[in-house]
Amino acid sequence: MSISAAATMITTISPAIVQKSQESSPLSLLPKCSSLREIQQLQAFAIKSRRLQWDNSFLSKLIDALTLNPAPPSMYHAHKLFDQISHRDAVLFNTLSRGYSRSHEPHQAIVLFCQMLEASIAPDAYSFPSLLKACASAHAFCEGKQAHAAAIKLGFASNAFVLPTLINMYSQCGDVKAARTIFDHGTDRCVISYNSMITACVQSSRPGEALALFREMQSRRLRPTYVTMLGVLAACALIGALYLGKWIHEYVKKNGFSYYVKVNTALIDMYGKCGSLEDAIGVFNGMEFRDTQAWSAMIVTYAIHGQGIVALKLFDEMLQKGIRPDGITFLGILYSCSHSGMVEQGLGYFRIMYSDYGIPPGIKHYGCIVDLLARTGKLEEAYDFINGLSIEPTLILWRTLLSACGGHGNVDLGKKVFNRIIELDDSHGGDYVIFSNMCALNRMWEDVNEIRKLMDERGVVKVPGCSSIEVDSKVHEFFASDGKHPDSKKVHRMVDEIMEQLKVVGYIPDTCKVHHVDLTEEEKEVSLRYHSEKLAIAFGLLNTPPGTTIRVVKNLRICSDCHSVAKLVSMVFGRQIILRDLNRFHHFAVGQCSCADYW
DNA sequence: AGCAAAGTGG
């Protein structure tokens, strides 16, 4: 059939399709189809002109177009068409499999691969990316490993397209070590493989390794892509290294990545998590186009800096501009409310998220509501809320409540919740510590001993507190009372000096939460004195010019004694201190904290 | 045809 004849036939089927194309072959028209109807018209044309029997390349394009169509029934139509084809080849299988992995039906993709083997059709290199992607998103580690073995057998494991998906699969299934081994042994380490590996490191909280890979890329003169920037910025956010982050920002500008909305969103997130609210606002204001994610990132950033009211204002502004919020936006909103004690508003937003926006609440939204209720002391309500849920409450939900019980000193409910938690998982040191502190606060020393014994028996260890501070683009880490840092003697002396000065203005060490029963008051004071955040602040006072801001990142929540010390230091030494908790910020200035002592 | 943000608790 001549091209002009084909064009005539299509014209009789749908003028809309022809309008979209200057070309006349049905193959080139396919990507321009935007609706299921248009694709099916082309399919009808293909059947009419008897192409269905012989042209697998055209059929593959047809299936691809069907699977790309966002309307839900497309996978069904694609599979139906696939079933009608008599001579299936690997390309057809791959195309349908890709469709399933795109439409989040990983199990179908895996099944399809098995069917291909059963039909004695040899997979090619392109069969593996979608299969591995499916295994990754389904967390199907066994299948993933089998797929890897098959890829090795067939000689496709070091293929440039297969390698990144292999890395991704291992990382998503939780085996980052294996991912790294594959990456290291890869013969063809391209930019995309580096991106996968960097992302894998970030997702497994190994920011240092991610940044090292970025440097390796540069020394190998591989040109990063914007995806590289997303990974590297996320790594900076994890470490909380503001100056390194600023350097990356410059790099982003110089290399033309500033126009990617996602990169700007990652920059907002990075500045937010590195403690610079102003820089985050600067990036947000400088964006020409902002999507839901960009607004959400900015809302969350205000929230973690204790500016809940501003976060809510921004949400209103977002709605006025006609940007649709998603589940994450509401998470930010609920988070803002719970961390600013706005119970009624929070419950209001929780109600409208489904009724007005059709967003079904997930476990994380429930977590925020539990936090919202419990943090303000409505502990029983929070308990009832958890028990009334239609889904099985997770550990985190109980943990949220336990931590609030600790904050409000409610040992009775706290004990009930604690027992519930260790039934589910008795290996988490943090839970024991919260409950033990709660008991110590109520002078229930036998219980404190009991908990200690339980921890020893079960071999539970608590995560040591660690604070870090970036000075001259080097990150210094401090652990409580440790002598690992080269300057530790000097730092300890500095802490002693600080304490003397603070006592003059009325500081009294808050020893009631130190849960070593057999310590004297003085010994308790000493154990409190060398908490990691105090060491880091002392190091900051010693090694940064007077008047500059001290930025500290801590891996646990700040204790109340360190909180009051930081407030006093900000006043006595005339320094602003910005301290990052596990997931929020404390801005200390002239004796006050931005969290208004509510954290 | 591969990599791809934002997110409850501690």
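Below, chains carry the letters A, B, ... as their sequence lines are ordered, and counting in each starts from 1.
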Touch check for [X], heavy atoms < 4.0 angstrom, all strands: base, sugar-phosphate only, or nothing?
| X | answer |
| --- | --- |
| A:Arg98 | base |
| A:Val227 | base |
| A:Arg102 | nothing |
| A:Tyr194 | nothing |
| A:Thr165 | sugar-phosphate |
| A:Ile328 | base |
| A:Gly430 | nothing |
| A:Ala160 | base |
| A:Asp326 | base |
| A:Ile369 | nothing |
| A:Tyr335 | sugar-phosphate |
| A:Lys554 | nothing |

From [options], nucleotide with atom closest to [X] side chain:
| X | options | answer |
| --- | --- | --- |
| A:Asn195 | B:dC3, B:dT8, B:dA4 | B:dC3 |
| A:Lys273 | B:dG2, B:dG10, B:dA6 | B:dA6 |
| A:Thr199 | B:dA4, B:dG10, B:dA6 | B:dA4 |
| A:Pro129 | B:dG2, B:dC3, B:dT8 | B:dG2 |
| A:Arg557 | B:dA4, B:dG10, B:dG9 | B:dG10 |

What is the distance, to the nearest angstrom, from the NZ atom on A:Lys133 to the P atom on B:dA4?
8 Å

In whole angstroms, how far is the P atom of B:dA1 from the CG atom of A:Leu163?
18 Å

Should A:Lys321 and A:Glu317 be marked as a salt bridge (Lys or Arg N to Asp or Glu O under 4.0 Å) after you check the CA-CA gap, both sets of side-chain angles, and the distance that decides it?
CA-CA 6 Å; A:Lys321 297 224 159 122; A:Glu317 205 182 313; 3.7 Å; yes

With a 6.0 Å cut-off on ring centres, are A:Phe183 and A:Tyr170 close enough?
no

Residues that A:Phe330 engages under ring pair (Phe, Tyr, Trp, His ring centres under 6.0 Å), provided they are two or more places apart:
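So A:Phe330 forms a ring pair (Phe, Tyr, Trp, His ring centres under 6.0 Å) with A:Phe315, A:Tyr357.
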
Report the residues that fulfil ring pair (Phe, Tyr, Trp, His ring centres under 6.0 Å) with A:Tyr260, sequence neighbours left out, ordered by chain and then residue number.
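So A:Tyr260 forms a ring pair (Phe, Tyr, Trp, His ring centres under 6.0 Å) with A:Tyr226.
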
B:dA4, OP1 or OP2 - any side-chain N/O from A:Asn168 closer than 4.0 Å?
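Yes, A:Asn168 has a side-chain N/O under 4.0 Å of OP1/OP2 on B:dA4.
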
Taking 4.0 Å as the cut-off, does a side-chain nitrogen or oxygen of A:His339 come that near to OP1 or OP2 on B:dG7?
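Checking B:dG7 against A:His339, no side-chain N or O comes under 4.0 Å of OP1 or OP2.
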
Indicate whether the side chain of A:Tyr259 and that of A:Glu288 have a donor and an acceptor atom separated by less than 3.5 Å.
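Short answer, no.
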
One thing to verify: whether A:Glu533 and A:Arg557 come together as a salt bridge, which I'm taking to mean a side-chain N less than 4.0 angstrom from a carboxylate O.
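No, no charged N to carboxylate O under 4.0 Å.
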
